[in-house]
Amino acid sequence: MRVNLLSSNHEELMELAIRRGFIWPSFEMYGGVRGFYDFGPLGTPLKNKIIQKWREFFVLGEGSLEIDSPTIMPEEVFKASGHLEHFVDLMTECEKCGQAFKVTELVKEKTGMDVEGSPKLELEKIIRQHEIACPECGGKLGSVFEFNTMFRTVIGPGGKRVGYLRPETAQGIFVDFKRLWRQAREMLPFGVAQIGRGYRNEISPRQGMIRLREFTMAELEVFFDPEGPSHPRFSVLGEDTLKLWRAGREKIVDMEVREAVEKGVVCNELMGYYMGLTKRFLIELGIPEENIRFREQTERQRAHYSKETWDAEVRTERFGWIEVAGIAYRTDYDLSRHSKFSKEDLTVFLQSENRRITCHVLEPSFGIDRIFYCVLEHSYKHDGKRKYLSLKRELAPIDVCVFPLMNRDGLPEKAITVHELLRKRKFSVVYDASGSIGRRYARADEIGIPYCITIDHQTLEDHSVTIRDRDTTKQVRSSIEDLPSTLRSLLNGELEFESAGTPLTK
RNA sequence: GCGGCAGUAGUCCAGCCAGGUCUAAGAUCCUGCCCUGCCACGGCAGAGACGCGGGUUCAAAUCCCGCCUGCCGCACCA
C-alpha cells in the first residue's frame with residue numbers, strides 16, 4: 001500500500017508523519033485495514049501530551065473525577081442506552097430525497113411482514129416485489145446497507161452473552177452513577193471524566209485519521225440539577241468570544257459566551273461554559289483562534305440522547321471544517337433509561353433543597369485523534385527552505401536534541417555527557433552526530449524538537465553550550481550547569497528564549 | 001457499499017502499452033568512515049523494492065482474475 005503524491009501540504013505532512021514515526025497505517029505487513037492507525041514512537045508522546053492537556057483542563061482544572069471502565073460492555077447496557085436501537089439496523093435510503101429508513105420497520109408498515117433478521121439481499125427483493133417506495137416523497141429506494149456501527153462480540157464460552165465494544169466511553173460512567181454520586185459526596189454539580197478507546201465499525205472510513213474504527217476519546221459527563229444549570233467559575237470565561245453557527249441559520253456570528261447564554265442561543269450556562277473552555281483548550285494546543293468555531297447540530301444530525309449539541313469545529317486545509325468535539329445536553333435521558341432497564345433507582349435527593357431529582361447531564365466529548373491531526377496540520381510550517389513542526393513546546397514529542405559541532409577533538413565525548421545529564425534530569429532527549437550540523441538541525445526541526453544543544457570547542461574551555469530555537473533558529477549561549485533549569489523553564493513557557501543566555505555572535 | 005483510477009526500496013520515481021536482455025535503474029533518505037568552527041556542503045562504502053493470492057506462458061514487475069490498500073465521485077458518518 002502507498003500514501004503518495006506530494007502535491008499538497010497535507011500530503012507532504014502525512015508523508016512526514018509516516019516517515020518520521022508519528023502515525024502508521026496499521027497491519028501494513030498484511031495489507032492493512034482501513035480505519036486503523038498505529039501511533040509511532042513520536043506520535044505516541046504527542047498524543048499522550050494532548051491527553052495530558054485535556055486532563056489539565058477538564059479533570060484537574062474542573063475538579064472532576066476520572067474513571068477507567070471496560071471497553072467491552074454487555075448488551076443490556078446498549079439496550080438501555082439506546083445504542084442498539086439506533087446503531088444496529090439494516091437501512092435503505094431514498095435515492096431522490098435522501099431520507100434513510102429502517103428496512104424492517106418499513107416492510108412491517110407496508111406489508112405486515114416481520115422480516116427481523118433477514119439478510120440484505122432478501123430485503124432488497126421484498127422491497128422490489130412489494131414496490132415499496134419512499135414514504136416521504138415516493139422516490140425509489142436504494143440498496144439495503146448495514147447500519148451496524150457497533151462491533152459485536154461474545155463474552156465467555158458458549159456465545160450466550162452478547163457484548164459490544166463501546167461506541168462511547170460515556171456509558172461506563174452512567175452505569176457507575178450510584179457509586180460516583182457517593183464519591184462526589186452527594187453534591188451537585190459534579191463531573192466525571194473518562195479517557196479511552198471507542199469503537200465504531202464505520203461502513204466506509206476514509207479521510208485518514210478523521211474517521212477511524214478505533215479511536216481515543218476524552219469525555220466529561222457533568223451531572224447537574226436541571227433547575228440550577230450554572231457553573232461556579234462561569235465568570236472566568238464569560239467574556240470570551242465564540243464563533244457560533246446556529247442550526248438553520250445562514251450566518252455565523254461572533255458572540256460572547258455570556259450573551260449566548262442570556263439570549264438563549266445556547267441552552268444554559270454549563271453549555272456556554274464548556275464551549276468557552278473547549279475553545280481555550282484548542283488554543284492551548286496551538287490551534288489559531290480564527291480556525292475554531294461552534295456549530296449547532298440540527299435535529300436530524302443530533303444523536304438520539306441529545307436535546308442540544310454544539311460541535312466544536314477546527315478548520316483544516318485538507319478537510320475543511322471538521323468536528324473535533326461535541327458538547328451535548330443529554331438531559332436525564334441516560335440515567336432515566338438505565339434506571340428503567342436496570343430497575344435501579346438512580347434519582348438523588350438534594351438535602352439542601354429537600355427535593356428528589358434525576359440528574360441532567362452535559363457532555364463535552366472530544367475526539368483525540370482528530371485533534372492530533374489538527375495539531376499536526378496547524379503546526380506544519382513550510383517556508384521555502386525550511387520545513388518544521390512548530391508544535392507548542394509542551395507538546396513536542398522530544399524536548400531537546402544534543403550534538404557535537406564536529407566529530408573530533410573530544411566534542412562527541414563531551415556531547416554524550418551533556419546528553420546523559422539531560423536524560424537523567426527527565427528530559428526527552430536525543431543525541432545526533434550524523435551528517436553535517438545543518439542536516440542535524442533540519443532533522444530536529446522536521447519533528448518539532450524545540451531546542452538543540454550544540455557542543456563546540458568553547459564548551460571544552462568554559463562549560464558553555466549553545467541553545468538553538470527551532471522557530472527562529474536563533475542561538476544563545478548558556479552554561480551546562482544551568483542547562484536543566486533553563487531548558488525546563490523554556491519548555492514550560494516561563495522563560496523567553498532571548499533571556500535564556502547570552503546571544504551568540506558569529 | 002457502488003463506480004472510476006492506481007499500487008515498484010523509508011520517500012519520490014524509471015521500467016509495464018509491444019512478457020525474456022530486470023541479477024529491477026535514478027534521486028532522496030538512512031548507516032558507517034573521511035571531511036567539516038553552526039543551519040539539508042563534499043567524497044567513499046553499505047543497506048533497502050515489484051501490495052497479497054491465484055491463473056496464462058517455456059518465461060510475468062509487465063497479460064488476466066480475485067482480494068487488500070490508497071485516491072476521486074456517490075452513499076454513509078447515529
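Convention: sequence-line order gives letters A, B, ...; per-chain numbering from 1. Computed from a prediction, not measured in an experiment: that's the story for all the values here.
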*Asks:* Kindly write out the residues that satisfy side-chain hydrogen bond (donor to acceptor under 3.5 Å, both in side chains) with Y305(A), not counting sequence neighbours, or none if the list is empty.
*Replies:*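 Testing Y305(A) for side-chain hydrogen bond (donor to acceptor under 3.5 Å, both in side chains), a comparison that skips the adjacent residues, returns none.
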*Asks:* Touch check for R211(A), heavy atoms < 4.0 angstrom, all strands: base, sugar-phosphate only, or nothing?
*Replies:*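 The answer is base, as R211(A) lies within the cut-off (heavy atoms under 4.0 Å) of a base atom.
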*Asks:* Rounded to the nearest Å, what distance is computed from the CZ atom of residue R443(A) to the C1' atom of nucleotide C30(B)?
*Replies:*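 Value for this atom pair: 8 Å.
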*Asks:* Ignoring hydrogens and angles, are the base of C30(B) and the side chain of S434(A) linked by a donor-acceptor pair under 3.5 Å?
*Replies:*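 When only heavy-atom distances are counted, S434(A) does not reach the base of C30(B) through any donor-acceptor pair under 3.5 Å.
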*Asks:* Do the side chains of L244(A) and E296(A) get nearer than 4.5 Å, heavy atoms only?
*Replies:*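 E296(A) does not reach L244(A) side chain to side chain.
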*Asks:* Hey, which sits more toward the 5' end of RNA chain B by its nearest nucleotide, E446(A) or E168(A)?
*Replies:*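 That would be E446(A).
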*Asks:* Parallel, tilted or perpendicular, judged at 30° and 60°: which one describes the rings of Y329(A) and H360(A)?
*Replies:*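 Answer is tilted, since the angle falls between 30° and 60°.
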*Asks:* For R197(A), does the CZ atom have more than 12 heavy-atom neighbours from other residues, nucleotides or ligands under 6.0 Å away?
*Replies:*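 Enclosed: over 12 neighbouring heavy atoms sit under 6.0 Å from CZ of R197(A).
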*Asks:* Considering only atom P, compute the distance from A60(B) to A45(B) and round it to an integer number of Å.
*Replies:*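 Taking atom P in both A60(B) and A45(B), they lie 34 Å apart.
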*Asks:* What's the shortest heavy-atom distance between D409(A) and H457(A), and which atoms?
*Replies:*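 Of all heavy-atom pairs spanning D409(A) and H457(A), the closest is OD2-NE2, 2.9 Å.
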*Asks:* Given atom OH of Y451(A) and atom P of C38(B), what is their separation to the nearest angstrom?
*Replies:*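 Y451(A) atom OH is separated from C38(B) atom P by 23 Å.
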*Asks:* Looking for any heavy atom pair under 4.0 Å, which part of the strands does R20(A) touch: base, sugar-phosphate only, or nothing?
*Replies:*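 The answer is nothing, as R20(A) stays clear of every strand by at least 4.0 Å.
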*Asks:* Please state whether the base of C68(B) and the side chain of Y30(A) form at least one donor-acceptor pair under 3.5 Å?
*Replies:*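 No, no donor-acceptor pair under 3.5 Å.
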*Asks:* Is the base of G37(B) stacked against the aromatic ring of H457(A), taking ring centres under 5.5 Å apart and planes under 30° as the test?
*Replies:*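 H457(A) vs G37(B): stacking yes.
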*Asks:* For a quick check of understanding: with a heavy-atom distance under 4.0 Å over all strands, which category does R206(A) fall into, base, sugar-phosphate or nothing?
*Replies:*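 Base, at least one base atom sits under 4.0 Å.
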*Asks:* So if I take every side-chain heavy atom of R439(A) and compare against C41(B), C38(B), U69(B), which nucleotide ends up nearest?
*Replies:*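 That would be C41(B).
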*Asks:* Counting N and O atoms only, with roles assigned by atom type, does the side chain of R295(A) sit under 3.5 Å from a partner on the main chain of W321(A), one being a donor and the other an acceptor?
*Replies:*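 No.
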*Asks:* Counting Watson-Crick and G-U wobble pairs whose two distances are both under 3.5 Å, find the runs of 3 or more in a row that involve RNA chain B.
*Replies:*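 As far as RNA chain B goes, consecutive pairing (with distances under 3.5 Å) yields the stems B:1-7 with B:68-74, B:10-12 with B:26-28, B:30-34 with B:42-46, B:51-55 with B:63-67.
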*Asks:* Under 4.0 Å, heavy atoms only, any strand: does K474(A) hit a base, just the sugar-phosphate, or nothing?
*Replies:*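 Contact class for K474(A): none.
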*Asks:* Considering only atom C1', compute the distance from A59(B) to G70(B) and round it to an integer number of Å.
*Replies:*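 Pairwise C1' distance, A59(B) against G70(B), rounds to 32 Å.
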*Asks:* Looking only at atom types and distance, does a side-chain atom of R337(A) sit under 3.5 Å from a main-chain N or O of K79(A), one as donor and one as acceptor?
*Replies:*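 Indeed, once roles are kept as given, a pair shorter than 3.5 Å links the two residues.
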*Asks:* Report which part of the nucleic acid R370(A) touches: base, sugar-phosphate, or nothing (heavy-atom distance under 4.0 Å, all strands).
*Replies:*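 Touches nothing.
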*Asks:* Considering only side-chain heavy atoms of Q475(A), which listed nucleotide, G37(B), C38(B), U11(B), is closest?
*Replies:*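 For the Q475(A) side chain, the nearest candidate turns out to be C38(B).
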*Asks:* Please state the C1' separation for the pair U69(B) and C58(B) - nearest whole angstrom.
*Replies:*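 It comes out at 34 Å once rounded to the nearest Å.
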*Asks:* Which of these nucleotides, C38(B), G1(B), U11(B), is closest to any side-chain atom of D456(A)?
*Replies:*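 So the side chain of D456(A) is nearest to C38(B).
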*Asks:* Rounded to whole angstrom units, what separation is found between the CD atom of E461(A) and the P atom of G37(B)?
*Replies:*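 Going from E461(A) (CD) to G37(B) (P), I get 15 Å.
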*Asks:* Considering only side-chain heavy atoms of M406(A), which listed nucleotide, A75(B), C30(B), U36(B), is closest?
*Replies:*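 Closest of the options to the side chain of M406(A): U36(B).
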*Asks:* Scan N407(A) against the nucleic acid and name what it touches under 4.0 Å (heavy atoms): base, sugar-phosphate only, or nothing.
*Replies:*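 Here N407(A) touches the bases of the nucleic acid.
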*Asks:* For the backbone of V429(A) and the side chain of R423(A), can you confirm whether one donor and one acceptor N or O come within less than 3.5 Å of each other?
*Replies:*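 No, the answer is negative, given that no donor and acceptor are paired below the 3.5 Å cut-off.
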*Asks:* Classify the side chain of R468(A) and the base of C39(B) as holding, or not holding, a donor-acceptor pair under 3.5 Å.
*Replies:*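 Pair found.
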*Asks:* Start at the 5' end of RNA chain B and walk down; is the nucleotide closest to I455(A) or to P167(A) reached first?
*Replies:*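 By nearest-heavy-atom nucleotide position, the 5'-most residue is I455(A).
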*Asks:* OP1 or OP2 of A40(B) sitting under 4.0 Å from any side-chain N/O of K385(A)?
*Replies:*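 K385(A) to A40(B) OP1/OP2: side-chain N or O found under 4.0 Å.
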*Asks:* Return the value, rounded to whole Å, for the distance between atom CH2 of W24(A) and atom C1' of U69(B).
*Replies:*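 It works out to 18 Å between those atoms.
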